[in-house]
Amino acid sequence: MTSPFTLHSQASDCAARRGEVRTLHGTVQTPVFMPVGTQATVKGVTPENLKELGAQIILGNTYHLYIRPGHELIRSFGGLHKFMNWDQPILTDSGGFQIFSLKDLTKITEEGAAFKSHLDGSKLFLSPEDAVAVQEALGSDIMMCLDTCIPYPATREEAIASTDLTGRWAKRSRAAHKERGQLLFGIIQGGMYPDLRAKAVEELVEVGFDGYALGGLSVGEPAELMMEITEEIAALMPADYPRYLMGVGTPENLVEAVYRGIDMFDCVMPTRNARNGMLFTSSGRLVIKNARHQDDQRPVDEECDCYTCRHYSRAYLRHLFMAREILSSQLNTIHNLHYYVGLMARIRKAIEEDRFAQFRQEFYAKRTVE
Ligand SMILES: C=CCOC(=O)Nc1nc2cc3[nH]c(NC)nc3cc2c(=O)[nH]1
Ligand SMILES: [Zn+2]
């Protein structure tokens, strides 16, 4: 098992590290934030916008694309990259983790996940092998094993049963994966029980994957608990492989998880909040519909050089939002993604210069509530 990960530098005073992940569609510099493109689009922005704001890799969702337009149609177009005109790396996760996470929508058996389509309620089924085959058809650069995401809270018995099943599914996923340069990551479950998670790490490493993801977090548990589990388990994850914390998070979450050794992140927050008029800035969050922005000629963030901040005032963005104009989502999304992607670039530089702990202090010092 040769790792796709190269470590460039390790912080001297914390677990943060600077590296890169080699994929079929290019090498990703880490730590990295991955914008979420659920249905073969990062909502409201074009691939050109994404490249201009610095996105290296985006997420697609297996479940959503399987349901619509279907993985066979996308395969017939040469895969997701061709279909959506994105020629850089793509990671596909389930996207329907809430569908698969033991909810009434889904029936989990040893064989796989039986669930109802959220579109027309039709009965569908995905085995771990099916999930690998779908992601291979999509041409995903980084595929995720089908797993069962344990909800929070869960009893120890529930966590044991679900984690053991996820482990058996991981073995089946690995066996089903034809080595074609596409990477396959294993997902660590175990609920909020560190001993179960430690056992899960051991079992997944025994099977052998191209990277390891912390699953079952950012599912409603307190942020402190998420960070506790992240800190304890990241340290047990192989140092020479990529570490991916699924579904995380706020800018503060990203800084804290990098500090604890995480390399890869995805979250709908920058894109979803943009559409809801909530903007991230270097000094905190800004709610654009607030009346105080009505005649404010300043850009969202004076320190930001994104397309939106270079050309538009807060007053104009507020007007677009109040008028429910389509351009509102586009401009807000460009800014929020630029903020997230820019934060990761500043983090990478801080680690390269071995001053990440100091960066972390300064990051908090600047965050006054807007
Ligand atoms: C093809 C199938 C690939 O399976 C998966 O992607 N599984 C999976 N996705 C997750 C996504 C999450 N988002 C959050 N918070 C927003 N927490 C998450 C946790 C998981 C998880 O435990 N598992
Ligand atoms: Zn901006």
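Each ligand, and each atom within it, is numbered from 1 in the order the structure gives.
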- In ligand 1, which numbered atoms sit nearer than 4.0 Å to a non-hydrogen atom of Gly215? 21 (C), 22 (O)

- If we number the atoms of ligand 1 from 1 as shown, the ones under 4.0 Å from a heavy atom of Asp147 are 4 (O), 5 (C), 7 (N), 8 (C), 21 (C), 22 (O), 23 (N)

- Query: Are Arg367 and Glu252 within salt-bridge range, i.e. N to O under 4.0 Å?
  - Reply: yes

- Message: Under 4.0 Å from a heavy atom of Gln135: which atoms of ligand 1 are those, numbered in the order shown and with their elements?
- Response: 1 (C)

- Fit a plane to each ring of Tyr340 and Phe280, take the angle between them on a 0 to 90° scale, and name the class: parallel (under 30°), tilted (30 to 60°) or perpendicular (over 60°). perpendicular

- Taking only residues two or more places apart in sequence or in another chain, which ones pass ring-ring contact (aromatic ring centres under 6.0 Å, His included) with Phe125? none

- Query: What are the atoms of ligand 1, with element, lying closer than 4.0 Å to any heavy atom of Met144?
  - Reply: 1 (C), 2 (C), 3 (C)

- Less than 4.0 Å between a side-chain N and a carboxylate O, is that true for Asp164 and Lys199? yes

- Query: Is Arg310 salt-bridged to Asp305, going by a charged N under 4.0 Å from an acidic O?
  - Reply: no

- Note on the structure: Rounded to the nearest 0.5 Å, the CD1 atom of Ile351 sits from the CZ atom of Arg346 at a distance of 13.0 Å

- Message: Only heavy atoms of Cys145, strictly under 4.0 Å: list the atoms of ligand 1 that pass.
- Response: 2 (C), 3 (C), 4 (O)

- Which atoms of the protein, restricted to N, O or S, are nearer than 2.8 Å to the Zn ion (ligand 2)? Cys304 SG, Cys306 SG, Cys309 SG, His335 ND1

- Query: Once the angle between the rings of Phe363 and Phe359 is folded into 0 to 90°, is it parallel (under 30°), tilted (30 to 60°) or perpendicular (over 60°)?
  - Reply: parallel

- Output the list of atoms in ligand 1 that are nearer than 4.0 Å to some heavy atom of Asp93, sorted by atom number. 3 (C), 6 (O)

- Which ligand 1 atoms, with their elements, are less than 4.0 angstrom from a heavy-atom of Ser218? 14 (C), 15 (N), 16 (C), 17 (N)

- Task: Of the side chain and backbone of Met143, name the one, both, or neither that has a heavy atom under 4.0 Å from an atom of ligand 1.
- Result: neither

Under 3.5 Å, which donor-acceptor pairs link side chains of residues 28-36 to any protein atom two or more places apart or in another chain?
| unit_1 | atom_1 | unit_2 | atom_2 | d |
| --- | --- | --- | --- | --- |
| Gln29 | OE1 | Arg18 | NH1 | 3.0 |
| Gln29 | OE1 | Arg18 | NH2 | 3.0 |
| Gln29 | NE2 | Glu20 | OE1 | 3.3 |
| Thr30 | OG1 | Gly19 | N | 3.2 |
| Thr30 | OG1 | Gly19 | O | 3.1 |

- Atoms of ligand 1, numbered as shown, that sit under 4.0 Å from any heavy atom of Gly216: 19 (C), 21 (C), 22 (O)

- Using heavy atoms and a threshold below 4.0 Å, how should the contact between Leu217 and ligand 1 be classified: side chain, backbone, both, or neither? backbone

- Query: Are side-chain N/O atoms of Thr166 and Gln189 paired as donor and acceptor at under 3.5 Å?
  - Reply: no

- Query: Could Arg314 and Tyr316 be counted as a cation-pi pair, given that NZ or CZ must be under 6.0 Å from the ring centre and within 45° of the axis?
  - Reply: no

For residues 219-238, run the donor-acceptor check on the side chains, cut-off 3.5 Å, and write out each pair with its distance to 0.1 Å, sequence neighbours left out.
| unit_1 | atom_1 | unit_2 | atom_2 | d |
| --- | --- | --- | --- | --- |
| Glu221 | OE1 | Ser218 | N | 3.2 |
| Glu221 | OE1 | Val219 | N | 2.8 |
| Glu221 | OE2 | Ser218 | N | 2.6 |
| Thr230 | OG1 | Met226 | O | 2.7 |
| Glu231 | OE1 | Arg260 | NE | 3.0 |

